[in-house]
Amino acid sequence: MKEKSNTQYPLLTEFSFNEKNGIFSLYTADFALYDAAIEIRCGNNRTFVLKNWKLICRENENEENILLEYETIHSSGKYFLSFSVTENEVDISLSVKLKKAFKNLEISYFRDAKTILPDHILARAMNLPGGKTKSIPLSGVKKVENFSAFDLILTREKDKQFHLSYPMNPEHFPRLEGTVKKQGGKHFLTLSAFTSLHNFSGKNITLPPLSLHVCSIKENPSFPEFSCKDPLAEKDIPSTKCAWNSWDYYRWTVTEEEVMKNADFIASDPVLSKHVKRIIIDDGWQYAYGEWVHNGLFPSGMEKIASSLTKMGFEPGLWIAPGIVECVAKIAQTKYDMLAKAEDGVPAMMFNCMERRGFILDPTNEDAHKFWYSLFERYAAMGYKYFKLDFLASMTQIPLAKDMTIPRGKYIPMLFDTVNKAVNGRAELMACGYPYLSGNPGAEAVRVGHDIHAKWDCIKANAADIVSLYPFNGKRWLNDPDFALCRGVETSDDPELNSLRPCLVYNKKEGGNIAAHQEYCLATSTENELEVLLSLVLVSAGIRTLSDNLPLLNASGLRLARKTVSAVQGLAAVPLDLFTSALPSYYLQRLPGRGFRILFINWTEEEKEFSLDLSHYGLPDIKGKDFWKEIPVKIPKGILQKILPPRSCFLAEFVF
């Protein structure tokens, strides 16, 4: 079977499917995907290509839209395949009626399919901290580059794109993977699209459809917002209230006294008091994961703290990891039937973060939902109006649940349904460690960055994650880029600035890289480097959360904090070189009804010149100012130019 587009300017020039051997291909003027075959791997890990497909339906809605449906019978069951073909897109759907359930089943739309080489690859990570978004210029690949994503964009010649994506809220989590190899001076790219089902006992399975979309865009900020295939639902996003969070500075050493000290400082500051409206107590307040009662560092109790913060004009917030249970928690000792099981059917400690280990609550167990309801109802009743729910993706990785007929894609929506019923509109929810394909089952905000300490390597490593999800902000959820940190070697008078050694937990009696763990510090950034981090936070247009020991910031650090929280909220900035560079350096942010911001970032270790023709983006030649230095910015002949030192940025603001 071979289809050709009849449009005058076709993007998809040819699509073919060989019913006998099960191989399909698509071709455009700039891209191709070929040697793609529907495969299954079941039980004993043997792989089968599904062959001998029979056409059972062909529908032509018009000359440019063709629906093809096939079926085939394999020893494992009956498979149903459909292709929806238009001038610029192929949508693939697959469902199966199994003869029996398999302990392990992997179904691939294609495995190691070949494609024409792009100039750039953007692979958006499945979730954090489980993966990282990779922005890969092909010229930068020296040997091998592997990537895994929920959403993949291949770009050629800056404006020609091949987009592979799944819809949100799938029952089963799909994955896109790829490998770029350089051999003999040549690059080779292979792609895979598959769904793995582990211990799923259902026999009727419908995979999330895969969209293969080709398009041509212009290099300007109005290009289509590449997200997932299904339309982004417009939501009533809550106000982006600025906050202070205890984690980055205090971590597990946080105390009631230190929380209140920072709250008092904010309340007495003429600028911070106007903008910082939330105080969030992060990990370290509880007795143990799974036993969510205050420990000895919070002697007054959590209700008293919530009351005190509320009287000061703040919204109290609380960090909770709802799915994790440490061995010292009562649940692990007396309610172990609520815990997810290992392969042998016995509860096992399957969670590990910085050597802190725990069991995982079974999201298919009714008693777990009763526990969650009681937990969040209790703290919402105390006056907590914001909950940060962490380590959520860990629940989807459990080997055995009580009810394995429930697809893993439903686990997190089930949790949020229970939590939202418990808080009953009294609190907002933020999801952390969250599979992005879960969509938005009830969280106002989603973390889109790893822990982003005041360290240059952390700032640089997080940039692709923060900026690549810009289309989601304000539509799916509010993006949380992690903390807006202002402390560093030049911005703090703290004699214990780097006294915490969080990586000592990795030291073993057998030895190892003890020196690196001993020396790992959380705040080594210069003022220029902090301006890069804070500029990224501002142009992400999501949540702004301070996380320093604020009373110990010096005048420079306090200036950074004040300017960050008082800045005008814009729309999420478009990273103008997102599809051409490893780390975007040019950003354009709209300020609704007010103007725009331009951000240049020098990620390199050398001085670098930047230049941007504002007329190319339809921007007026108006006066502006340097946001951080508060000095006028000149635009000779409509071209904004700047020479930046290493590890620095330039943020210019133009107001109509």
Residue pair [X] / [Y]: nearest heavy atoms and the distance that separates them:
X: A401; Y: Y411; value: CB-OH, 3.7 Å
X: E444; Y: L429; value: OE1-N, 2.7 Å
X: N127; Y: P435; value: CB-CA, 3.5 Å
X: Y436; Y: A125; value: CD1-O, 3.2 Å
X: S93; Y: P209; value: OG-CB, 3.4 Å
X: S540; Y: P481; value: OG-CG, 3.7 Å

>> For L81 and I92: C-alpha separation, side-chain torsions, deciding distance, then whether side chain to side chain contact (heavy atoms under 4.5 Å, CB included) applies.
In response: CA-CA 7 Å; L81 173 67; I92 315 172; 3.8 Å; yes
Under 4.5 Å between any side-chain heavy atoms of [X] and [Y], yes or no?
X: E59; Y: N65; answer: no
X: D151; Y: L437; answer: no
X: Q397; Y: R408; answer: no
X: I40; Y: T47; answer: no
X: E71; Y: Y79; answer: no
X: T396; Y: I412; answer: yes
X: V214; Y: N88; answer: yes
X: T206; Y: E171; answer: no

Check for a donor-acceptor pair, side chain of [X] on one end and backbone N or O of [Y] on the other, with a separation under 3.5 Å.
X: S585; Y: F600; result: no
X: S108; Y: R111; result: no
X: R124; Y: K134; result: no
X: H187; Y: V141; result: yes
X: N199; Y: M404; result: no
X: D577; Y: T580; result: no
X: D480; Y: I543; result: no
X: N473; Y: A541; result: yes
X: T155; Y: K158; result: no
X: T13; Y: Y27; result: yes

Nearest 0.5 Å, please: how far is [atom2] in [Y] from [atom1] in [X]?
X: L612; Y: L588; atom1: CG; atom2: CG; answer: 8.0 Å
X: S535; Y: I601; atom1: OG; atom2: CD1; answer: 6.5 Å
X: T195; Y: L207; atom1: OG1; atom2: CG; answer: 4.5 Å
X: L533; Y: K455; atom1: CG; atom2: NZ; answer: 13.5 Å
X: T190; Y: E177; atom1: OG1; atom2: CD; answer: 10.0 Å
X: H172; Y: Y166; atom1: NE2; atom2: OH; answer: 13.0 Å

[X] and [Y]: aromatic ring centres closer than 6.0 Å?
X: H213; Y: F162; result: no
X: F391; Y: F351; result: yes
X: Y109; Y: F194; result: no
X: Y70; Y: F80; result: no
X: F650; Y: F610; result: no

Between [X] and [Y], does any side-chain donor sit less than 3.5 Å from a side-chain acceptor?
X: E343; Y: H198; answer: yes
X: T179; Y: N146; answer: yes
X: D91; Y: S211; answer: yes
X: T133; Y: D465; answer: yes

> Which is it for K20 and N52 under the side chain to side chain contact (heavy atoms under 4.5 Å, CB included) test, yes or no, and what are the steps along the way?
Replying inline: CA-CA 4 Å; K20 186 175 181 179; N52 300 317; 4.1 Å; yes
>> I'd like to know whether T604 forms a side-chain hydrogen bond (donor to acceptor under 3.5 Å, both in side chains) with N602, so could you lay out the CA-CA distance, the side-chain angles of the two residues, the decisive distance to 0.1 Å, and finally the verdict.
In response: CA-CA 6 Å; T604 74; N602 183 2; 2.6 Å; yes
Within a radius of less than 6.0 Å around [atom1] of [X], do more than 12 heavy atoms belonging to other residues, nucleotides or ligands occur?
X: K341; atom1: NZ; result: yes
X: K51; atom1: NZ; result: no
X: K182; atom1: NZ; result: yes

>> For a side chain to side chain contact (heavy atoms under 4.5 Å, CB included) check, start with the C-alpha distance between L176 and M126, then their side-chain angles and the critical distance, and finish with the verdict.
In response: CA-CA 9 Å; L176 294 162; M126 296 287 292; over 6 Å; no
> In terms of ring plane angle, is the pair F579 and H120 parallel, tilted or perpendicular, where the classes change at 30° and 60°?
Replying inline: perpendicular
Can a salt bridge be assigned to the pair [X] and [Y] using a cut-off of 4.0 Å between side-chain N and carboxylate O?
X: K54; Y: E69; value: no
X: R447; Y: D451; value: yes
X: R647; Y: E606; value: no
X: D362; Y: K402; value: no

> Checking side-chain hydrogen bond (donor to acceptor under 3.5 Å, both in side chains) for the pair R175/S196: CA distance, chi angles, key distance, verdict?
Replying inline: CA-CA 8 Å; R175 183 179 295 269; S196 297; over 6 Å; no
> Of W53, F83, Y34, which meets ring-ring contact (aromatic ring centres under 6.0 Å, His included) against F24?
Replying inline: F83
>> Walk me through whether W456 and W603 qualify under side chain to side chain contact (heavy atoms under 4.5 Å, CB included).
In response: CA-CA 10 Å; W456 181 246; W603 296 108; 3.7 Å; yes
